[in-house]
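What follows is one structure encoded as structure tokens, with my remarks underneath.
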2 protein chains.
Amino acid sequence: MADVAELFAARVAERPSSGPLYLQLKSIIDDAVRRGALRPGDALPSERDLAARVELSRVTVRRAMQNLVREGVLVQRRGSGTYVAPQLPRVEQSLGKLTSFAEDMARRGTAVRSVWLDRGLYDPSPEETVALGLPAAARVARVARLRISGETPLAIERAALSASLLPDPEAIGTSLYAHLGQSGNRPVRAIQRLRAVNLSEEDAQLLGLAPGVASLHIERTSYLASGRVVEFTRSTYRGDAYDFVAELRTGEGWVTQ
Amino acid sequence: MADVAELFAARVAERPSSGPLYLQLKSIIDDAVRRGALRPGDALPSERDLAARVELSRVTVRRAMQNLVREGVLVQRRGSGTYVAPQLPRVEQSLGKLTSFAEDMARRGTAVRSVWLDRGLYDPSPEETVALGLPAAARVARVARLRISGETPLAIERAALSASLLPDPEAIGTSLYAHLGQSGNRPVRAIQRLRAVNLSEEDAQLLGLAPGVASLHIERTSYLASGRVVEFTRSTYRGDAYDFVAELRTGEGWVTQ
DNA sequence: CAGTGGTCTAGACCACACC
DNA sequence: GTGTGGTCTAGACCACTGA
């Protein structure tokens with residue numbers, strides 16, 4: 001409910017000027033969500049409405065809300081309103097023996113599907129030429145998918161393969177690896193590189209999130225037993241939906257940390 | 001240089017109204033940095049100055065710049081000005097056999113040090129009681145460090161241990177594990193859980209970054225050979241400074257992806 | 001001191017959602 | 001339609017940096 005206004009008035013009264021107003025308002029709303037006074041899906045007062053009630057300008061109210069949108073606490077829909085973000089159960093994914101997207105979702109007990117964003121043969125970028133070890137004049141197959149669980153987009157996968165290994169990208173069914181297996185080209189080993197990035201405008205739109213939300217960017221290079229590179233894949237996972245889990249054992253570095 | 005203004009004027013002329021003005025300006029500045037026209041450390045025109053020259057309001061110019069600050073492209077210093085962010089060489093860290101912070105930095109060839117943020121005995125939080133498997137009325141040792149390479153803070157580490165394993169946190173030298181080893185309590189196994197998060201105000205301040213910048217949050221639980229939990233550590237790594245690398249081998253999930 | 005970024009205001013117009 | 005968020009403006013004061 002919108003006792004946000006009353007809460008703010010009370011808080012302002014009890015500590016006069018403890019920092020920027022937009023941060024005070026932000027933490028009041030944030031607290032209300034964490035306490036459960038505002039529940040996922042609940043509507044907040046409109047920006048103009050709240051501004052009037054807490055006696056701040058709309059710009060300041062908006063700034064507090066934008067902060068929370070960026071952190072994934074709230075969602076805003078133009079023409080509709082501002083709502084407490086529905087919270088996703090987090091998905092755990094192992095980093096030692098990688099499990100498939102479909103399996104992860106099965107474990108989570110949710111319907112899962114993919115939407116094709118792109119499928120076709122292209123002239124390779126310099127980066128792809130290097131990563132895939134392509135010969136001169138070779139072409140590259142690109143397949144890009146949006147991974148969706150229920151109604152929620154969870155990840156974007158953009159794979160690049162040598163066209164000699166995947167001459168017809170349209171022929172893939174639901175599983176790239178199953179398709180590669182038919183021609184005996186299923187990878188047996190992969191190197192993954194993870195980093196945290198702020199979502200770009202483009203990826204944010206695909207995932208239905210605000211630009212700037214933290215996400216996990218993963219680059220994977222997969223190899224055949226022969227050592228030949230099969231695929232070079234760049235994926236973006238929602239930061240608020242994924243936990244990646246790794247097990248470490250005693251090793252060199254273990255001693256000094 | 002500040003041909004940012006001329007560039008903007010030109011671009012506005014060539015494509016009249018291709019989206020929000022602050023995004024147009026943002027991508028112009030972003031491009032200039034990527035092209036190398038603006039180099040790390042270079043000063044940009046002041047917000048008021050640029051606003052006058054591109055004929056936008058200061059608020060709009062500021063919004064473009066703030067976007068880039070959040071993405072780590074620019075840095076702003078109050079009272080001083082706006083600058084292209086110095087770019088860090090990325091550090092690679094393995095997720096299979098974890099290497100120590102000191103070793104990582106040695107490989108990178110940089111001076112490295114730690115600053116203590118906190119060291120002492122406390123009453124455990126409920127979360128710590130569960131994670132460490134503490135008996136009732138037990139106390140907990142907390143040690144928090146800021147990891148710094150050269151002049152750049154790279155990570156925050158906050159460890160919690162049973163006070164029975166670390167009765168005197170002040171006695172730690174530079175290495176927690178070396179200290180634990182003296183009493184035969186060095187861990188032999190650990191589980192790490194990684195996720196991407198936007199930096200909180202507090203952590204952002206410690207790392208000298210803007211709140212909201214993407215970072216990697218890692219929770220590690222370490223075990224003795226006996227299976228007893230030794231430490232529960234929460235770390236925050238700069239997203240723009242770390243790549244985590246994992247090697248995957250054929251396994252169950254491998255088939256379907 | 002002058003100049004910078006950080007915050008805040010009041011008001012405006014637009015594109016979109018929902019009725 | 002009305003109401004929502006999204007963008008933009010002109011102007012103001014503050015806290016800080018640096019000469």
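Chain A is the first sequence line, chain B the second, and so forth, proteins listed ahead of strands; every chain is numbered from 1.
Phosphate proximity of C/dT4 to B/S46: present, with a side-chain N or O under 4.0 Å from OP1 or OP2. The phosphate of C/dT7 (OP1 or OP2) has a side-chain N or O of A/Y22 nearer than 4.0 angstrom. Taking 4.0 angstrom as the limit, B/Q76 places a side-chain polar atom (N or O) nearer than this to OP1 or OP2 of C/dG6.
Using modelled atom types, one finds no donor on one side chain facing an acceptor on the other under 3.5 Å when comparing A/S114 with A/R145. A donor and an acceptor atom, one from each side chain of A/T82 and A/Q76, are located under 3.5 Å apart.
In this structure, B/N198 contributes its side chain and A/G212 its backbone to a donor-acceptor pair below 3.5 Å.
The separation between B/L56 atom CG and D/dG11 atom C1' is 16 Å, rounded to whole Å. A straight line from CG of A/L50 to C1' of C/dC8 spans 16 Å, rounded to a whole angstrom. To the nearest angstrom, P of D/dC8 lies 15 Å from CD of B/E55. Atom NZ in A/K26 sits roughly 16 Å away from atom C1' in C/dT7 (whole-Å rounding). When rounded to the nearest whole Å, the span between CZ of B/R48 and P of D/dC13 equals 12 Å. At whole-Å resolution of the value, CG in B/L21 and P in D/dG6 are 17 Å apart. We find that CD of B/E47 is positioned 6 Å from P of C/dG6, with the value rounded to whole Å. Whole-Å rounding puts the B/L25 CG to D/dT9 C1' distance at 15 Å.
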Sort me out a list of protein N/O and nucleotides 15-19 of chain C N/O pairs below 3.5 Å, or just none if empty.
from: C/dA17; atom 1: O4'; to: A/G79; atom 2: O; distance (Å): 3.3

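Checked against a 6.0 Å centroid threshold, the rings of B/F244 and B/Y237 count as neighbours.
Taking a cutoff of 4.0 Å between a charged side-chain nitrogen and a carboxylate oxygen, B/E157 and B/R220 do not qualify as a salt bridge. Ionic pairing of B/R158 and B/E219 is not present here: no N-O contact between side-chain nitrogen and carboxylate oxygen is shorter than 4.0 angstrom.
Listed nucleotides: D/dT9, D/dT4, C/dA10. Nearest to the side chain of A/S57: C/dA10.
With A/Y83 as the aromatic partner, A/R77 meets the cation-pi criteria of under 6.0 angstrom to the ring centre and within 45 degrees of the ring axis.
Contacts between residues 58-68 of chain B and DNA chain D, defined by a heavy-atom separation under 4.0 Å, are made by B/R58, B/V59, B/T60, B/R63.
Along DNA chain D, the nucleotide nearest to A/D49 and the one nearest to B/Y83 differ in position, and the one closer to the 5' end is contacted by A/D49.
When every heavy atom of A/S215 is checked against every heavy atom of A/L199, the shortest pair comes out as OG-CD2, 3.6 Å.
A heavy-atom distance below 4.5 Å is found between the side chains of B/I156 and B/L207.
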